[in-house]
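A quick note: this is a predicted structure, and the numbers were derived from the prediction, not measured. Below, read A as the first sequence line, B as the second, and so on, with proteins coming before strands; counting in each chain starts at 1.
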2 protein chains.
Amino acid sequence: MTRRLTTRGQQRRDQLIGFATARFAENGFHPTSVTEIVNGLGVGKGVFYWYFDSKEELFIEILRGAQQDLRRFQEKAIANEPDPLARIEFGIRASITWLAGHPDFFTLLQFAAIDEKFSKLIRLGEEIAVNDVARHIREGIDQGRIDEGDPVVLGHAILGVTNQLTRVLLFEKKYEPGSVADTVIRFALGGLRGFSGVIAAGALSVTST
Amino acid sequence: MTRRLTTRGQQRRDQLIGFATARFAENGFHPTSVTEIVNGLGVGKGVFYWYFDSKEELFIEILRGAQQDLRRFQEKAIANEPDPLARIEFGIRASITWLAGHPDFFTLLQFAAIDEKFSKLIRLGEEIAVNDVARHIREGIDQGRIDEGDPVVLGHAILGVTNQLTRVLLFEKKYEPGSVADTVIRFALGGLRGFSGVIAAGALSVTST
DNA sequence: ATCTAACTTGACTGATTGGTCAAGTTCTCC
DNA sequence: GGAGAACTTGACCAATCAGTCAAGTTAGAT
């Protein structure tokens, strides 16, 4: 939906997005009803459908906006840094800093990632983020500072560590963003360097029941 | 709900669990209706409520059963292995092998993890898994083979890598479970060993917008 | 053979959902 | 001050939901 919005209209739209973000983050997409959103804001239902075609469109709007904001923040953080490993570190640090300031969005990401309706958008954003870091990894490999390996796969590994530790340390255990980032970076860079010789690859030959 | 079940009843119950698992994995918990489940099985709605108090109870039942099965599988895989690093490797390998045989459950885990109604159960199971691996990590630290660090935090880091790479490599890119495990283990053990000296800790002093 | 507990049916209920729309109000621009 | 666009209202709709229940069927135990 595209509409010419007055200042008042823009404010109302932002208000809807803000309130809906909070409700979605708390209850999830499906359990949060449009009625709940408009009632919470004390406006009629028509207001919602004046600004958005559907509940789904609103959610996508939220996701897109946040993804864009995060990416810009990351780019700004690594700009002009020549060292690829430092770029990886700055990227991780920026992501965690941004997420610390947007906890609702972290939750929304989880919801969206598994919902058929939104997972494509999330995977796309994830792919972009992974490709960004994969570029730095490739450079690191070329410089002989990172072990041989598929940069995209390693990028996913970093994303996995970052997400999990952000959730547990930042949002559950309430650690400082900086210290969470330190931990993630230490593990991620160690992981990139790899481990010489898997202890017992293929030694386990069990089959699933 | 506990009932005396005949053989026929037990079969029906299993059938409900099996079909519901597939539907939940495909559509998610909220969008899958009880009507859809019983219609798909060609039975009356009363059948569902003869075996389960609610849709929620069924879902919890599925989660609990799968968590139990996975844990037993992990335990069997590391039994009698004296080397802590090998136990970590075997545990990771077993988890990925098991998930390869139960792809629906992997999806269900994601759904459950973010739903307020089920996240407690998931976090509990996650905590158990992390504590398991944390024990081996602590041993590895004591043996001087793993860098100093909070074993529980490191356990979460391993869980994060495992989950992400399992999703992307095993389920999306359809790699072999064994090769996915190799990649995860290499990164995880490298991460445990850590990275001597963070490149530029705290050098980034940006604030979130 | 019969009794009883296990199992099954499917119409029904009350509540809620996403979305519509005719009508009314406010704002902006000329 | 008036015309038209932007905005708002809230009753309304068709669909769907989780869950109930009285009635009926099946099958193992005695």
Side-chain angles (χ1 to χ4, degrees), chain A residues 1-63 108 111-112 115-118, chain B residues 1-63 108 111-112 115-118:
Chain A
M1 157 130 9
T2 314
R3 263 191 215 284
R4 320 180 75 233
L5 296 181
T6 63
T7 308
R8 174 190 167 199
Q10 189 58 55
Q11 280 174 356
R12 183 66 96 196
R13 206 182 115 99
D14 291 346
Q15 190 188 22
L16 281 164
I17 288 183
F19 189 80
T21 299
R23 302 309 301 150
F24 286 150
E26 182 152 348
N27 292 336
F29 176 73
H30 291 292
T32 300
S33 68
V34 174
T35 304
E36 186 185 337
I37 294 169
V38 294
N39 284 354
L41 249 35
V43 300
K45 206 173 212 178
V47 168
F48 185 96
Y49 289 97
W50 176 259
Y51 295 99
F52 305 101
D53 280 332
S54 63
K55 197 174 93 167
E56 207 176 298
E57 198 212 70
L58 161 63
F59 196 63
I60 287 175
E61 193 72 6
I62 293 171
L63 292 175
L108 257 51
F111 284 115
D115 202 299
E116 221 194 334
K117 293 265 174 55
F118 313 113
Chain B
M1 158 132 8
T2 314
R3 262 193 217 281
R4 318 178 78 233
L5 296 182
T6 63
T7 308
R8 175 191 169 199
Q10 188 58 54
Q11 280 175 357
R12 184 64 96 197
R13 206 183 117 98
D14 290 347
Q15 191 189 22
L16 281 163
I17 288 183
F19 189 81
T21 299
R23 302 308 302 149
F24 286 150
E26 183 152 348
N27 291 335
F29 177 73
H30 291 292
T32 301
S33 68
V34 174
T35 303
E36 187 185 337
I37 293 169
V38 293
N39 284 355
L41 249 34
V43 299
K45 205 172 212 178
V47 167
F48 186 95
Y49 288 97
W50 175 260
Y51 295 101
F52 306 101
D53 279 333
S54 64
K55 198 173 92 165
E56 208 175 299
E57 198 213 68
L58 162 64
F59 196 63
I60 287 175
E61 193 72 5
I62 293 171
L63 292 176
L108 256 51
F111 284 114
D115 202 299
E116 219 194 334
K117 293 263 173 57
F118 312 112

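Here dC17(D) presents its C1' atom at 13 Å from CG of N39(B), a figure rounded to the nearest Å. Between the CD atom of E57(B) and the C1' atom of dA18(D) there is a distance of 14 Å, rounded to whole Å. Put simply, CZ on F48(A) is 14 Å from C1' on dT20(C), counting in whole angstrom units. The nearest whole Å value for the distance from the CD atom in E56(A) to the P atom in dG19(C) is 8 Å. Put simply, CZ on R4(B) is 14 Å from C1' on dA27(D), counting in whole angstrom units. To the nearest angstrom, C1' of dG18(C) lies 15 Å from CZ of F52(A). Between L41(B) atom CG and dT9(C) atom C1' the separation is 15 Å, expressed in whole Å. Counting to the nearest Å, the P atom of dG19(D) and the CE atom of M1(B) are 11 Å from each other.
An OP1 or OP2 oxygen of dC21(C) is reached within less than 4.0 angstrom by no side-chain nitrogen or oxygen of Y49(A). T6(B) has no side-chain polar atom (N or O) that falls below the 4.0 Å cut-off from OP1 or OP2 of dA27(D). The phosphate of dC17(D) (OP1 or OP2) has a side-chain N or O of S33(B) nearer than 4.0 angstrom. Dashed line: the shortest gap from a side-chain N or O of W50(B) to OP1 or OP2 of dT8(C) is not under 4.0 Å. Under 4.0 angstrom from either OP1 or OP2 of dT8(C) there lies at least one side-chain N or O belonging to R8(B). Remark: R12(A) is not in phosphate contact with dC7(D), judged by side-chain N or O atoms under 4.0 Å from OP1 or OP2. Under 4.0 angstrom from either OP1 or OP2 of dG10(C) there lies no side-chain N or O belonging to K45(B).
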### Task
Could you give me the CA-CA distance, side-chain angles and deciding distance for R12(B) and Q15(B), then say whether side-chain hydrogen bond (donor to acceptor under 3.5 Å, both in side chains) is met?
CA-CA 5 Å; R12(B) 184 64 96 197; Q15(B) 191 189 22; 2.8 Å; yes
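The aromatic rings of F29(B) and F24(B) lie tilted to each other, with the angle between the two planes from 30° to 60°.
Here V47(A) lies in heavy-atom contact (under 4.0 Å) with a base. At the heavy-atom level, T32(B) lies under 4.0 Å from the strands shown only through sugar-phosphate atoms. Residue contacts for Y51(A): at a heavy-atom cut-off of 4.0 Å it reaches the sugar-phosphate backbone alone, with no base atom in range.
A donor-acceptor pair under 3.5 Å is formed between the side chain of E57(A) and the backbone N or O of M1(A). K117(A) places no side-chain N or O within 3.5 Å of a backbone atom of I60(A) that could act as its donor or acceptor partner.
Checking K45(A), K55(A), R23(A) one by one against E36(A), the salt bridge (charged side-chain N to carboxylate O under 4.0 Å, His left out) holds for a single residue, R23(A).
Ranking dC7(C), dG19(D), dT8(D) by closeness to the L5(B) side chain, first place goes to dC7(C).
Residues S54(A) and G44(B) both approach DNA chain C. Their nearest nucleotides, taken by heavy-atom distance, put G44(B) toward the 5′ side. Mapping G46(B) and T35(B) onto DNA chain D by nearest heavy atom places T35(B) at the nucleotide closer to the 5' end.
For R3(A), the CZ atom is densely surrounded, since the number of other residues' heavy atoms within 6.0 Å is greater than 12.
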